Novice: 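Got a structure for you, written out below as structure tokens; questions coming shortly.
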Amino acid sequence: MAASLVFRLHNRGPELVREVLLERGWEEYDEKEQEEEDWNLYWRGSAFCKSEYHNLLPWQRLNHHPKTAGITRKDCLARNLRRMKATFGSALYDFSPIAFILPNDYTRFLDEYNKLRLTRGPSVYWICKPVDLSRGRGIFIFEDIKDLVYDCSVIVQRYISSPLLISGYKFDLRIYVCVKSFHPLTVYIHQEGLVRFATEKYSLSSLKNLYAHLTNTSINKFGPFYKTQKERVGQGCKWTLSKFRHFLHSQDINQLLLWQRINNIVTLTLLTIAPSVPSCPNCVELFGFDILIDVKFKPWLLEVNYSPALTLDCQADVTVKKSLISDLIDLMNYTSTDRLRERAYQKHGHKQPCLHADQPSHVPIPVLPKAKQSKFQKKTRSIQSSQTQALPLIKTLHWSEKINRRRTRHHEFVSDHKRHLPPVHLDKMHAARGRTTNTTAAKNQTGQTLNLTFGPHSRTNVSVVNRQTCPALASWLRDNRRLHMSEVTNHDSAETEAETKLSGDTDVAASILESPQRGLGFRQPAASWKLPSIYSGSHRPVIIPLEGTTAVNGQHVPPLRVGDFIRTFPFNTATLEASQHKLDVKIIIQELHKLTAQLADWRSEEEEEDVEGEEDFDSLLWGQKDPPLLRQYFKP
Ligand code: ADP
């Protein structure tokens with residue numbers, strides 16, 4: 001008799017998660033039928049409260065780590081990246097456009113604005129985004145400070161005004177990142193992602209045309225050209241990352257360093273919060289990193305999304321998001337049934353968790369009395385829960401004891417000794433699934449008719465104008481005003497200089513960003529940049545054995561890949577060790593630097609010899625269609 005796995009969705013969504021889990025044989029939690037702790041995965045679009053972390057049982061997982069707003073709120077991310085620049089050098093953290101949080105940073109913004117105006121003239125652009133909105137709401141672009149009008153907390157960020165374009169259309173990348181654990185830091189990036197296009201041609205002469213400047217699907221699907229066949233881009237506004245790779249390949253572009261730089265951005269961004277995120281072994285988190293590539297092929301971090309959208313608007317969404325969620329569930333490493341939960345119930349003589357229907361029909365299914373709480377008990381419980389808020393996030397009670405206490409309605413209390421929840425017994429990981437164009441880099445002055453215009457640049461007025469010019473979008477904006485958690489980041493030179501002075505530690509930082517510059521760009525002459533052998537057709541995808549996770553120096557090494565999730569951190573023995581106990585950010589940065597330099601110098605014999613050394617830790621090179629092992633890659 002086996003207990004099936006049970007999922008619980010907050011507010012009945014997202015539908016995609018339900019669909020994937022039901023297809024995998026999971027059951028949906030029903031509060032009328034099941035005990036309060038009778039679930040394995042609780043999925044929420046918004047944050048969990050502290051008590052939900054406190055009360056986790058060993059078989060239960062949550063889809064958010066605590067305290068990740070440090071990268072998922074636009075203002076927090078800007079602040080955290082600024083802090084990291086000051087500590088580790090501005091060159092290292094130069095992957096996000098410089099940002100100011102207004103009104104607080106107004107004077108600093110003014111200084112920067114005036115300085116750039118003097119040195120570069122008027123052709124410097126800024127983008128203003130409300131800190132607590134997402135999906136493009138309330139955003140506007142301006143050149144002249146007199147157009148900066150805001151009525152809430154905003155970030156004003158340097159606008160990347162020379163984005164890489166495909167047939168004149170702006171686009172950005174949605175990269176899906178799963179943080180399996182913050183302690184030790186364990187990061188996977190999905191091979192598949194989305195390319196999100198603007199639906200009108202890019203032009204700096206029409207800053208008010210959101211359909212040309214913003215790549216949010218939630219904006220562009222209301223655009224007049226959404227359904228039109230657009231040159232190279234096609235219908236709609238999305239590609240899969242595979243299609244984008246194909247496109248880059250057709251252009252003879254060196255993708256390798258582009259992906260590695262995106263990989264670096266992900267790691268460096270996560271390092272800003274990793275030391276301060278409380279340990280919660282039963283949580284995973286799926287982040288959506290938004291990356292814009294500029295005309296020099298430099299990737300920029302625009303924001304990190306908490307709960308990236310899982311709606312299915314088009315075929316690209318279906319292709320990408322369904323397997324993304326399926327791989328995420330694989331990464332959570334559940335077995336097909338929950339024996340742990342079942343055993344705990346049996347051991348303590350409680351009601352069985354929900355049972356698989358596949359048991360023989362002659363076996364009677366025990367029907368046990370439900371022990372639901374009365375309203376009064378629930379109320380008492382919630383008061384007790386809120387009283388535990390000051391406690392450390394991971395409560396110390398042994399889980400079996402927890403069940404007993406819950407059952408006897410003494411549950412909410414925490415013992416004084418502190419220890420983590422016992423590790424969940426897990427079976428071995430599943431085997432990894434053995435699973436084009438002229439680009440225009442210049443500004444395009446097309447003079448398209450503006451279909452959506454911002455009036456005076458304030459959020460209030462924006463909504464008024466939207467209602468008049470685009471009723472469909474206006475009603476969407478009205479219906480979708482909600483608090484969110486999302487984020488942005490930035491780069492700049494004035495801030496950079498000041499911070500460089502503050503920081504005595506910029507060497508590593510400078511070189512990690514300099515080396516990958518080499519070889520980037522379109523159609524490099526063959527003599528100056530030979531594409532790595534993986535493009536020659538001789539490369540074979542690496543087959544990763546599913547069985548058996550390895551150990552290095554007695555430390556557990558997480559699997560190289562799970563489905564299309566590729567482990568990007570830790571990527572060698574040094575980073576494994578640097579993330580085991582107290583996170584050693586400096587060592588990690590040094591190792592990132594070394595790896596990036598090796599990739600940039602991949603032809604150098606000395607480097608190859610170095611890499612072929614004694615490293616006993618396998619890593620895949622994220623970003624390639626069939627990612628090679630780093631070791632394999634560096635071999636001549
Ligand atoms: P939201 O959370 O509202 O989606 P984003 O920061 O992701 O806010 O910005 C929305 C869109 O605006 C992005 O997808 C991108 O197309 C564009 N954008 C944002 N910041 C910049 C920037 N600094 N430079 C160029 N384009 C930007």
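Treat the numbers as computed from the prediction; the structure is a model and nothing was measured. Note that the numbering runs from 1 along the sequence shown for the chain. Read the numbers this way: they start at 1 and go in the same order the structure lists the ligands and their atoms.
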Novice: Check each atom of ligand 1 against the heavy atoms of Leu292 and keep those under 4.0 Å away; list them by number with element.
Specialist: 25 (C)
Novice: Looking only at side chains, do Thr240 and Ser242 share a donor and an acceptor under 3.5 Å apart?
Specialist: no
Novice: Could you see which bit of Leu214 sits under 4.0 Å from ligand 1, with heavy atoms only: side chain, backbone, both or neither?
Specialist: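 Both backbone and side chain.
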Novice: Assess, by modelled atom type and distance only, whether the side chains of Asp172 and Thr215 contain a donor and an acceptor separated by less than 3.5 Å.
Specialist: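 Yes - a donor-acceptor pair under 3.5 Å links their side chains.
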Novice: Should you measure from each heavy atom of Asn216, which atoms of ligand 1 turn up under 4.0 Å away?
Specialist: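 Per the distance check, 4 (O), 10 (C), 11 (C), 14 (O).
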Novice: If you count the atoms of ligand 1 from 1 in the order shown, which ones are under 4.0 Å from a heavy atom of Asp290?
Specialist: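 The list of qualifying atoms is 7 (O).
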Novice: Heavy-atom distances under 4.0 Å decide this one: backbone, side chain, both or neither, for Ile160 against ligand 1?
Specialist: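 Both backbone and side chain of Ile160 come within 4.0 Å of ligand 1.
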Novice: Nearest heavy atom to atom 26 (N) of ligand 1 wins, so pick from Lys170, Lys129, Arg174.
Specialist: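 Among Lys170, Lys129, Arg174, the closest heavy atom to atom 26 (N) of ligand 1 belongs to Lys170.
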Novice: Report the distance from atom CG of Leu268 to atom CG of Asn263, rounding to the nearest 0.5 Å.
Specialist: 9.5 Å
Novice: Report yes if some N/O of Arg158 lies less than 3.5 Å from some N/O of ligand 1; otherwise report no.
Specialist: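 Yes, since at least one N or O of Arg158 sits under 3.5 Å from an N or O of ligand 1.
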Novice: What about the rings of Phe109 and Trp126, do their centers lie closer together than 6.0 Å?
Specialist: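 Distance test on ring centres: under 6.0 Å, yes.
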Novice: Residue-level breakdown please: for His213 versus ligand 1, do any non-hydrogen atoms fall below 4.0 Å on the side chain, on the backbone, on both, or on neither?
Specialist: backbone
Novice: Counting each atom of ligand 1 from 1 as listed, which ones have a heavy atom of Arg196 under 4.0 Å away?
Specialist: 14 (O)
Novice: Would you say the ring centers of His10 and Phe48 fall short of 6.0 Å from each other?
Specialist: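 No, too far apart.
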Novice: Considering only heavy atoms of Ile139, which atoms of ligand 1 have at least one such atom less than 4.0 Å away?
Specialist: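 Matching atoms, with element in brackets: 3 (O), 8 (O), 9 (O), 10 (C).
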Novice: Which pair of heavy atoms, one from Arg245 and one from Gln624, lies closest together, and at what distance?
Specialist: NE-C, 4.0 Å
Novice: Could you list the atoms of ligand 1 found under 4.0 angstrom from a heavy atom of Arg135?
Specialist: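 That gives atoms 1 (P), 2 (O), 3 (O), 4 (O) of ligand 1.
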Novice: Have Asp75 and Ser153 got a donor and an acceptor in their side chains that come within less than 3.5 Å?
Specialist: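 No - no donor-acceptor pair under 3.5 Å links their side chains.
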Novice: Output the list of atoms in ligand 1 that are nearer than 4.0 Å to some heavy atom of Gly136, sorted by atom number.
Specialist: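 So the answer, numbered in order with elements, is 1 (P), 3 (O), 4 (O).
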Novice: Ignoring hydrogens and geometry beyond distance, is a side-chain donor-acceptor pair present between Arg117 and Asn114 at under 3.5 Å?
Specialist: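 Asn114 and Arg117 do not have a side-chain donor-acceptor pair below 3.5 Å.
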